[in-house]
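Read the numbers this way: they start at 1 and go in the same order the structure lists the ligands and their atoms.
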Amino acid sequence: MYFPRVLLQFLAVAGLSQAAQPRESSTVCTVPAAGSTSIDDAPAILEAFRKCGHGGKIIFTNTTYHINSVMNTTGLQDCEVDLQGTLLWSTNITYWLNNSLPVGYQNQSTAWVIGGKNLHFNGHGYGTLNGNGQTWYDFVGSVSNYPRRPHAMTVSGATDSIFDGVRFVRSQMWTLSIIHSQRTSFTNIYVNNTGESGTAHNTDGADTIYSSDITFRNWEVVNGDDSISLKANSTDILIEDCTFHNGLGVAIGSIGQYKDVYETVERVLVKNITYDNTLHVAYIKTWTGEQVGYPPNGGGGGLGYASHMTFEDLSATALRGPAFAISQCTTFSGASGNCTSSKFQLLDIVLKDIAGTSSSGEVASLQCSAVELCENITIAGVDLRFSNGTQIDDYLCGNVDGTFGFNCTGEVCVGSSATGGC
Ligand SMILES: *[C@@H]1O[C@H](CO)[C@@H](O)[C@H](O)[C@H]1NC(C)=O
Ligand SMILES: *[C@@H]1O[C@H](CO)[C@@H](O)[C@H](O)[C@H]1NC(C)=O
Ligand SMILES: *[C@@H]1O[C@H](CO)[C@@H](O)[C@H](O)[C@H]1NC(C)=O
Ligand SMILES: *[C@@H]1O[C@H](CO)[C@@H](O)[C@H](O)[C@H]1NC(C)=O
Ligand SMILES: *[C@@H]1O[C@H](CO)[C@@H](O)[C@H](O)[C@H]1NC(C)=O
Ligand SMILES: *[C@@H]1O[C@H](CO)[C@@H](O)[C@H](O)[C@H]1NC(C)=O
Ligand SMILES: *[C@@H]1O[C@H](CO)[C@@H](O)[C@H](O)[C@H]1NC(C)=O
Ligand SMILES: *[C@@H]1O[C@H](CO)[C@@H](O)[C@H](O)[C@H]1NC(C)=O
Ligand SMILES: *[C@@H]1O[C@H](CO)[C@@H](O)[C@H](O)[C@H]1NC(C)=O
Ligand SMILES: *[C@@H]1O[C@H](CO)[C@@H](O)[C@H](O)[C@H]1NC(C)=O
Ligand SMILES: *[C@@H]1O[C@H](CO)[C@@H](O)[C@H](O)[C@H]1NC(C)=O
Ligand SMILES: *[C@@H]1O[C@H](CO)[C@@H](O)[C@H](O)[C@H]1NC(C)=O
């Protein structure tokens with residue numbers, strides 16, 4: 001009994017690695033571009049994925065493709081996408097609000113969902129997805145999660161896949177959401193969601209949900225929200241060799257939004273990151289213990305934990321808030337919640353080797369739940385200074401059990417904010 005099972009597993013693994021070999025593409029589809037904003041290129045793109053999405057290659061030439069309708073290209077297999085030009089999304093808000101596709105979490109939706117096995121998406125460092133987001137930035141104003149405002153791209157159900165050298169500019173909302181995906185890497189990616197009046201809100205660089213073994217390497221993100229955010233059931237995540245400008249830094253969460261639902265974030269390594277004018281280096285946000293309203297903008301009362309997360313070799317210029325912040329106060333649409341009632345626990349978190357400048361006097365602001373204390377937090381090797389050279393050395397704590405490498409210097413503030421601190 002024992003022997004055959006091992007043998008079967010061996011054969012399965014051998015079969016998998018064979019399928020992952022690069023292979024000669026049997027079919028090549030070069031997508032034609034109509035070259036007019038009034039002609040939708042999406043049908044031609046969908047046709048190319050239909051013909052060449054299994055064992056084939058899809059080429060977007062160095063031109064502009066106008067995308068006026070939603071695209072669902074999931075279930076691909078052994079497929080290569082060669083993006084040499086620009087995909088430019090239309091700005092018909094009436095259309096997108098009525099037709100954007102469900103992502104499968106938080107009632108979020110998307111303009112393009114793509115996924116499959118052994119998918120190689122290559123942008124060569126110049127292939128671009130342009131969300132034409134200025135229209136959205138003007139339209140939503142200060143509303144955070146405007147229902148049915150689309151993400152630029154959702155990678156859903158991808159396994160053993162690679163996305164390399166892709167540029168994203170002016171994303172409609174979140175840039176790249178990654179859901180139900182495993183063993184997939186996103187390398188050499190550029191995101192710039194600067195609009196006419198600066199970096200726009202809710203234009204996250206990337207968000208992971210229900211995904212594992214995901215690598216982000218060599219990203220440059222310019223945005224006004226989470227640089228990269230790890231949400232429900234994100235495990236074995238590596239983020240390295242990245243530069244983040246203006247946004248909020250690496251976010252864990254928000255999480256704990258679904259009452260009595262158990263979710264985790266585990267085994268995260270964030271390494272060799274340069275921060276330029278971001279709010280934090282890293283921050284963790286959970287919903288409160290009480291449910292108020294429903295997603296996307298309401299919720300709370302979720303269960304679970306985030307653990308074994310390491311952030312190291314970090315260099316920062318002009319941080320705008322505490323380098324590391326924990327806030328467990330998220331509740332319905334900006335209302336002020338109970339910051340100590342969350343049932344979602346944070347434990348085994350390490351921050352080490354952080355140098356640079358900040359305008360905040362706090363290295364850390366740890367506003368933890370009294371119901372599930374934060375356990376075992378290490379912060380070591382910190383050299384953060386004000387621009388005048390004075391060392392920054394405040395560590396504000398609430399409900400932290402186990403500090404390593406630092407001592408708490410005061411009580412954390414009482415009150416909430418959506419982005420950590422009060
Ligand atoms: C794409 O085309 C533009 C102008 O048509 C040209 O300037 C640019 O160098 C081309 N890019 C590549 C990568 O071939
Ligand atoms: C925008 O989309 C709506 C709904 O699909 C459609 O009725 C309308 O004609 C479109 N407007 C433009 C300017 O294309
Ligand atoms: C919304 O989309 C549905 C189905 O695609 C369509 O039947 C309906 O007319 C659309 N409504 C608007 C306001 O565009
Ligand atoms: C995409 O198409 C697949 C196959 O038809 C379907 O199962 C899936 O639900 C679609 N996804 C979305 C978000 O519409
Ligand atoms: C979507 O919103 C509805 C109504 O607000 C809510 O009942 C539902 O739970 C939400 N679904 C998800 C997946 O968040
Ligand atoms: C981001 O885009 C803006 C507007 O196009 C540009 O001015 C800025 O230089 C870009 N930033 C980076 C870091 O590429
Ligand atoms: C750190 O990341 C930068 C890119 O941001 C890269 O150039 C550099 O080689 C990396 N350093 C190490 C030690 O890997
Ligand atoms: C999330 O992870 C938890 C803990 O491993 C598991 O019980 C739950 O089913 C997962 N949820 C989803 C939607 O995958
Ligand atoms: C906040 O939650 C804690 C823990 O459940 C509880 O002890 C406290 O009374 C709550 N505070 C308020 C103002 O409701
Ligand atoms: C926290 O650290 C202490 C001391 O090293 C250890 O005994 C305990 O098991 C740790 N707790 C967790 C949850 O890792
Ligand atoms: C340096 O700047 C900080 C923050 O503005 C200020 O609190 C501190 O007094 C300054 N130190 C000196 C020596 O000027
Ligand atoms: C924390 O305080 C204890 C007791 O005063 C002291 O022994 C220890 O060296 C301090 N640790 C750090 C990292 O400052």
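A donor atom on one side chain and an acceptor atom on the other are not found under 3.5 Å apart for N223 and D204. H120 and D164 share no donor-acceptor pair across their side chains, judged by distance under 3.5 Å alone. Side-chain polar atoms of S177 and T154 form a donor-acceptor pair below 3.5 angstrom.
Closer than 4.0 angstrom to ligand 12 sit non-hydrogen atoms from G405, F406, N407.
Salt bridge annotation for E240-K271: absent, with no cationic side-chain nitrogen under 4.0 angstrom from a carboxylate oxygen.
The ligand atoms of ligand 9 that sit less than 4.0 angstrom from a heavy atom of V371 are 4 (C), 5 (O).
Taking distance alone, with nitrogen or oxygen atoms compared against 3.5 Å, N338 approaches ligand 9 more closely than that limit. Considering backbone and side-chain atoms together, N92 places an N or O closer than 3.5 Å to an N or O of ligand 2.
Remark: E196 engages Q134, R170 in a side chain to side chain contact (heavy atoms under 4.5 Å, CB included) (not counting sequence neighbours). Applying the ring-ring contact (aromatic ring centres under 6.0 Å, His included) test to Y137 and every residue at least two apart in sequence or in another chain returns nothing. For S212, the side chain to side chain contact (heavy atoms under 4.5 Å, CB included) partners two or more places apart in sequence, or in a different chain, are Q182, T235.
The proximity of T340 to ligand 9, defined as any non-hydrogen pair under 4.0 Å, involves the side chain as well as the backbone.
In this structure, the separation between CZ on F186 and CZ on F121 is 10.5 Å, given to the nearest 0.5 Å.
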